Amino acid sequence: MHLEVFASADEAAARVVEMLVNRLTTKPTTVLGLPTGATPLPVYKLLIQAIDRRQCTLGQATIFNLDEYFGVGPDDPRSYAHYMRAALFDHVNHRSDRINIPNGLAEDPRAESSRYEAAISAAGGIDLMLLGLGRNGHIGFNEPGSPAMSRTRLVALTDNTLSANARYFRPDAPAPRSAITMGIATILSARQIVLLVTGQSKAEALRQTLEDPVSMQMPSSALQLHNDVVVVADSGAASKLSVADGSRKGTAGSRERAQPEAMGVRSL
Ligand code: GLP
C-alpha cells in the first residue's frame with residue numbers, strides 16, 4: 001500500500017483527480033469503480049472542471065458504481081443513481097449505456113447481483129476502483145463481518161451506518177435499511193484501488209485499516225491483501241497513523257508534479 005497525506009481534503013481530492021485524469025488520458029476506455037458519500041464530492045467537482053478544460057473525457061469510459069440502496073428507484077432522490085447524476089453524470093459527456101449502478105428495484109436481488117458481476121467481467125474488470133471509507137470500516141456497503149470472498153449481493157445495513165448516513169435523509173423519506181453492494185472480493189479484483197479518506201471522524205477507521213491485522217470486523221483492512229492500493233488522506237484522517245506524522249517521508253519529489261503536494265508519502 002502506498003499512503004499520501006495532504007494538508008486539506010481539497011488537496012487530497014485534487015490528487016485523486018490527478019490520478020483519474022492520468023488514467024483516462026492514457027486509456028480513455030478505462031473501467032472505473034466509483035463511490036458515493038460526502039468524501040468523493042470534491043473529486044467529482046474537480047473532475048467536471050478537468051473535463052470542461054478538456055484534460056480528459058468520460059466519453060469512452062465505463063463506470064460501475066459500488067452500491068445502491070435497495071427498494072428505491074433511480075429517480076428517487078435517496079438513490080445513489082440520483083446522487084451520481086447530480087454529482088457527476090449530468091455535468092459531463094458520457095455514454096449512458098456504459099454507466100452501471102445496481103438496480104435498487106430489482107425483484108430478484110440475487111439475480112441482479114449476478115448480472116452486475118457478469119457485467120463487470122464482460123467489461124474486462126475494473127481498472128481503477130475509487131473508494132471512500134465508512135466510520136466502521138465499511139467499503140461500499142460491506143459492513144463488519146462481511147466475508148472476504150463476498151461478491152455483489154444484498155446486505156442489511158448496520159445501525160452504525162444508518163446513523164452515520166442519517167444526515168442525508170429527511171424524516172418523510174427515511175433511509176433504506178438494505179443495499180446491493182459489490183463484495184470485498186469484487187473490490188479486490190480491481191487492478192488498482194484508490195482509497196480516499198478525509199476528516200478527523202475517519203482517523204480511527206483509517207488507523208485500523210492500515211495498521212491493525214486484517215480482520216473482517218474492519219472490512220477495509222482487506223485492502224492490505226491487494227498489491228496496488230493508493231491511500232490518499234488529509235491530515236485529519238491521518239492524525240492517528242503512526243506512519244504519517246506530518247513530516248515529509250518517502251519519495252514525494254520523485255514524481256515531478258507541480259501540485260497537489262503531499263505532506264507525507266509512505267509505502268506501507
Ligand atoms: C456510504 C457508501 C460508502 C461510503 C461511505 C462513507 O455508506 N456506501 O461507499 O464510502 O458512505 O461516506 P462519507 O464519505 O459520506 O463519509
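Reckoned from all heavy atoms, side chains included, excluding hydrogens, waters and symmetry mates. On a predicted model such as this, the values are computed, not experimentally measured, just so you know.
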Next item on the list: Compute the ring centroids of Phe169 and Tyr69, then answer whether they are less than 6.0 Å apart.
Entry: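 They qualify: ring centres under 6.0 Å apart.
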Show the atom names and distances, to 0.1 Å, of all donor-acceptor pairs under 3.5 Å that link a side chain in residues 28-43 to residues at least two apart or in another chain.
from	atom 1	to	atom 2	distance (Å)
Thr30	OG1	Arg23	O	3.4
Thr30	OG1	Lys27	O	2.4

Margin query: Using the rule that Ile, Leu, Val, Met, Phe, Trp and Tyr join whenever any side-chain heavy atoms are under 4.5 Å apart, tell me whether Val155 and Met218 fall into a single cluster.
Written below: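 Cluster IDs for Val155 and Met218 differ.
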Is it the case that the side chains of [Y] and [X] hold a donor-acceptor pair, with the cut-off being a distance below 3.5 Å and no angle test?
| X | Y | answer |
| --- | --- | --- |
| Arg135 | Asn165 | no |
| Gln224 | Ser221 | no |
| Arg153 | Thr186 | no |

Margin query: With a 4.0 Å cut-off on N to O distance, would you call Asp97 and Arg95 a salt bridge?
Written below: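 Yes, charged N to carboxylate O under 4.0 Å.
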Check: Taking 4.0 angstrom as the limit, do Arg85 and Asp75 come out as a salt bridge?
Finding: yes
Does [X] use its side chain to pair, donor to acceptor, with the backbone of [Y] at less than 3.5 Å?
| X | Y | value |
| --- | --- | --- |
| Ser79 | Pro74 | yes |
| His2 | Val229 | no |
| Asp67 | Ile180 | no |
| Glu4 | Ala262 | no |

Margin query: Quick check: closest heavy atoms across Pro176 and Leu162, and the distance to 0.1 Å?
Written below: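 It is O-CD2, 3.5 Å.
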Next item on the list: Could you name each residue pair satisfying side-chain hydrogen bond (donor to acceptor under 3.5 Å, both in side chains) that touches residues 193-205, not counting sequence neighbours?
Entry: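 Residue pairs with at least one partner in residues 193-205: Gln200-Ser239, Glu204-Arg207, Glu204-Gln208.
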